[in-house]
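Throughout, protein chains are lettered first and strands after them, A, B, ... in sequence-line order, and every chain is numbered starting at 1.
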2 protein chains.
Amino acid sequence: MSAASGFQPVPRESTSSLITRQLREGIMYGTLPAGAQLSEAALAAEFGVSRGPLREAMQRLVQEGLVRSELNRGLFVKELDEAEIRDIYLTRTAIETAAARAVAHGDSAAQGAERLRTRAAVMAEAAAAGDLHRLADADFAFHEELVNLAGSPRLHRVHETLMVETRMCMTALQGTYFDPDDQVAEHSRIVEAIASGDDAELVAQIEEHMQEALDRLVRASR
Amino acid sequence: MSAASGFQPVPRESTSSLITRQLREGIMYGTLPAGAQLSEAALAAEFGVSRGPLREAMQRLVQEGLVRSELNRGLFVKELDEAEIRDIYLTRTAIETAAARAVAHGDSAAQGAERLRTRAAVMAEAAAAGDLHRLADADFAFHEELVNLAGSPRLHRVHETLMVETRMCMTALQGTYFDPDDQVAEHSRIVEAIASGDDAELVAQIEEHMQEALDRLVRASR
DNA sequence: CCCGTGAAGATTGTCAACAATCCGGAGATG
DNA sequence: CATCTCCGGATTGTTGACAATCTTCACGGG
């Protein structure tokens, strides 16, 4: 059998991986609200598995910091107070700045900028249509793309968790209004900073964007 | 009952937490060498527990990225090639830069700098004594302290894993010689940059230190 | 009315056994 | 001799049951 057929390994995945992903989504979108206790028996029944694989999935989420474990008490979805939200954005700034710089200084900065420009265009479109839900999705897609383009498995892993936490905040504040045009403009400025290769400008734009996003969240949460 | 007695919660910990920590140390110091398969039965017997808690600990390490899981095959200690090493340092740069800036711009920058100066002094002492083992420990202690001073739970969590991976590299290259004085000088320059509050200088010093450390590792590994 | 006591119920922590899968080698076949 | 098939041993994946712990609530005493 030839080995150069371009076939990929079959993406078989462990049960605990699948459960982890579903639980993570539940946390992200508020199906499992912050502070809620996660009953092993109930969830295991819902997934149609025994408690073993479910507990393994839980330990992953604990390690990720999305779930808090109290011995002999149970597992609880992590709650995010203002200090936590600030920490999320501090860490996001660190990760995304590194990612953006890697993209800007990498071999394919131009292609990267182009793909991000496309993402920003989707955001602008959603903003123009007044579709705030789609705008939020496009926003997340932009930041995911940014970190993916850096090609760093570690930045990606950390960022994945941070996006879940960010979305948790947004979900909790659902219905709050943010000015769409501001958001779109901030993302465009980031793209152009990447394209221009001006490092100081790039760092400044990302920091400003994160600061603005954080301010929007904090302002809305009180 | 008064609540202001300064008592801390009893640090009871789950079995899987304890096992996770021990396995992590094993990976860090090469007791569990890179690429090795981790037999559930053997390890469970060694820890004196059943396979349940041990598997939970494993899932944590998988989530952390220290262990790779192959379905129906087993769990293996992650191997670090040159690309991985570069990624570790890319991420370390991101995390530690953010931490250092947080310290430098925070309320207690002076105290922070002082504590780091102490750590650097320990390094200098070890270097002067020619004790390379103690120098390496002091080096790690410096970076841990730096991130701790930032007071960010997320930066701390990510950094913890990165330090394990860094130590894995060092362990694999045990016996290689690095110029002690260079290392000491680099750390001192970081401390002084924090103390001075010069942001650009601080970022530059950390990047230079990381680049140097990475070069030392890569050079030694081939 | 307030507080300590104790038992019931529910939930988590742990285990040992069973099922499914994979790897290696012996044997048959061309 | 090469190759395919099949089987045994070993390892992982999953389960259901049991033990330990915590919470709740009713009860009785002060």
Using atom types as modelled and distance alone, determine if a side-chain donor or acceptor of [X] lies under 3.5 Å from a backbone N or O of [Y].
| X | Y | value |
| --- | --- | --- |
| B/Q37 | B/R73 | yes |
| A/S152 | A/L155 | yes |
| B/T118 | B/E114 | yes |
| B/S221 | B/V218 | yes |
| A/E13 | B/L71 | no |

Out of D/dT23, D/dG13, D/dT21, whichever nucleotide has its closest atom nearest the side chain of A/R73
D/dT23

Inspect the contact between [Y] and [X] and indicate whether a charged nitrogen and a carboxylate oxygen are less than 4.0 angstrom apart.
| X | Y | result |
| --- | --- | --- |
| B/D139 | B/R167 | no |
| A/E165 | A/R92 | no |
| B/R21 | B/E25 | no |
| A/E84 | B/R154 | yes |

Tell me: [atom1] of [X] to [atom2] of [N], nearest whole Å?
| X | N | atom1 | atom2 | answer |
| --- | --- | --- | --- | --- |
| A/L75 | D/dT21 | CG | P | 18 Å |
| A/L71 | D/dC22 | CG | P | 8 Å |
| A/R12 | C/dT21 | CZ | C1' | 9 Å |
| B/L18 | C/dT14 | CG | C1' | 14 Å |

Every protein N/O within reach of nucleotides 5-7 of chain C N/O, cut-off under 3.5 Å:
none

Which of residues 45-65 of chain A sit near DNA chain C, with a heavy atom under 4.0 Å from it?
A/R51, A/R55

Assuming nearest nucleotide by heavy-atom distance, tell me which of A/N72 and A/S16 is located more 5' along DNA chain D.
A/S16

Value rounded to 0.5 Å, distance of CG in A/L146 from CD1 in A/I194:
5.0 Å

Strand contacts (DNA chain D) in residues 35-43 of chain B, 4.0 angstrom heavy-atom criterion:
B/Q37, B/L38, B/S39, B/E40

Nearest non-hydrogen partners of A/F142 and A/M123, listed with the distance:
CB-SD, 4.4 Å

